[in-house]
Amino acid sequence: MTALLIAALFWAAATWLAVRIANSPASATLAGKLAVPALLGVTILVVWEGVVRGLEVPAVILPAPSTIGGTFAASLPILWGDFVQTFVKGALSGYVIGCGAAFATAILIDRSKFLQAGLMPVGNFLAAMPIIGTAPILVMWFGFDWQSKAAVVVLMVFFPMLVNCVQGLQESSAMQRDLMKTYSASYWQTLLKLRLPAAMPFVFNGLKISTTLALIGAIVAEFFGSPIKGMGFRISTEVGRLGLDMVWAEITVAALAGSAFYGAVALIERGVTFWHPSQRR
Amino acid sequence: MSPAPGIGFSGAASVEGTALFSGLTLAMAPGRWTCLLGASGVGKTTVLRLIAGLAAHVDFEGSITATDGQPLQDRIAYMAQSDLLLPWLSLPENVAIGARLRGGRPDLARARDLLARVGLGDHLDKRPAALSGGQRQRVALARTLMEDRPVILLDEPFSALDARTRADMQDLAATQLAGRTVLLVTHDPGEAARLGEAIHVMAPGSARSFDVPPVPVPRPVDHPDTLALQGRLHAFLRKGAPA
């Protein structure tokens with residue numbers, strides 16, 4: 001019961017502190033802006049720890065953050081190996097191939113009405129296929145290693161990226177294109193100097209959506225066959241062994257990697273589309 | 001800049017069999033401002049796009065010729081109601097966009113000179129988003145001047161501006177575009193009365209030209225001749241009958 005009491009006290013103290021910070025001049029500074037969300041995160045962890053200990057929740061239902069942290073620290077080499085296998089080899093290479101292919105396809109589609117009529121439905125069809133059906137097939141085709149995971153990721157990211165790129169290429173107005181024409185600009189110059197820059201906010205929307213899809217795809221694909229490493233493999237086997245602390249540790253890795261991936265793409269976006277109203281602050 | 005040619009336009013245009021205009025004849029004198037005035041939808045912009053060689057989405061039968069017999073292509077600069085500035089480029093880069101689009105080296109020093117000539121010398125480091133609507137149209141005018149073409153087509157370039165800024169821009173354009181053959185498409189009788197050295201009013205199916213007072217353009221906004229002409233143009237636009 002002491003643990004519960006400590007958790008409740010901490011919650012009350014943190015709430016009081018957060019209100020103080022929010023109402024003080026410090027809330028305008030960067031440190032002040034970061035302090036309140038950080039306090040929220042710490043409070044959630046402390047209350048979680050207190051509730052798990054105080055109510056003696058079984059580790060299979062919910063391990064305490066300290067247990068997860070301990071497992072995380074003790075299995076760093078395993079987690080790192082899983083991260084490289086799933087994120088770097090599977091998700092990242094699939095992301096690059098899938099988004100690159102979608103971008104190239106969008107430019108082809110944009111050049112020809114015929115391809116637009118033919119390829120968009122194909123893209124749509126690929127996106128509508130359920131991953132739990134396609135993943136085992138792709139594992140049969142491309143083997144157990146990361147290549148099949150990358151293939152699943154390609155399937156997952158291709159369509160959202162394609163739709164965004166095609167939309168983006170239509171973003172420049174007809175009048176802007178007329179103006180380019182009076183400057184004797186060719187198709188490729190107009191594409192490079194006007195339409196691709198104008199398309200970038202849309203392209204980056206596709207890239208951002210695809211970051212999380214890529215990670216989910218790579219993890220889920222490992223459920224259908226993988227070498228004895230990888231985040232999805234670890235999660236499915238540890239669930240079978242009731243090693244829920246390890247599952248939580250993998251979830252932590254996935255959350256950290258996914259957030260960092262999204263953040264990195266968003267950072268690049270801010271540099272590239274600094275001129276767009278959505279980036280004004 | 002090569003000497004400004006005059007332009008002759010005559011012909012008929014139809015959209016899917018329905019005549020937009022027919023038997024329309026316009027003569028644009030070399031180095032002069034010609035105004036094409038009319039209500040929305042009578043085909044003014046279509047005439048301008050046909051001369052500019054842009055897709056007009058009409059069936060056109062007739063001829064568009066320069067008085068010196070040379071082709072008009074690559075001798076035309078175009079300025080529209082919307083400034084069409086590229087938000088990711090600085091002002092001098094926007095002004096020099098033509099060279100970039102042709103794969104050449106932009107002459108940024110000349111672009112900065114032109115920006116100073118249109119009164120934006122203090123804003124050279126800004127991007128378009130930091131400017132007001134009137135300032136953005138000034139940049140568009142500088143971009144039009146940058147191409148140094150003898151024929152300038154203006155498609156309601158000042159109609160989105162407030163009255164004062166519009167008058168300022170009209171003065172500036174009249175000064176900066178002196179000596180070029182200018183076709184100004186507008187729905188504003190006041191604008192035509194200030195700037196037109198020849199004024200054609202387009203009504204559905206036909207065009208009528210108006211005599212202009214001998215006051216040099218840009219005519220003062222409050223000159224009795226300007227106001228009288230503006231009144232006659234306005235009355236004609238409303239009735240569609242000879243004033």
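- With a 4.5 angstrom heavy-atom cutoff, L194(A) touches chain B via backbone and side-chain atoms both.
- If you measure heavy-atom distances from R127(B) to chain A, the contacts under 4.5 Å come from the side chain alone.
- Between V166(A) and the choices D110(A), T105(A), I109(A), L119(A), the side-chain contact (heavy atoms from CB on, under 4.5 Å) rule is met once, by I109(A).
- Residue L89(B): no heavy atom, backbone or side chain, is found under 4.5 Å from chain A.
- The part of I76(B) that comes within reach of chain A is its backbone (N, CA, C, O), which places non-hydrogen atoms under 4.5 angstrom from that chain.
- Of all heavy-atom pairs between A198(A) and P201(A), the closest is O-CD, 3.4 Å.
- The minimum heavy-atom distance between S159(B) and R166(B), with the atom names listed, is O-NH2, 4.3 Å.
- The heavy-atom pair separating L37(B) from K44(B) by the smallest distance is C-CD, 3.9 Å.
- Residue contact with chain A, scored on non-hydrogen atoms closer than 4.5 Å, involves the backbone and the side chain of R143(B) alike.
- Side chain to side chain, D145(A) and Q85(A) meet the donor-acceptor criterion of an N or O pair below 3.5 Å.
- Chain B forms the most heavy-atom pairs under 4.5 Å with one residue out of A185(A), P197(A), S184(A), and that residue is P197(A).
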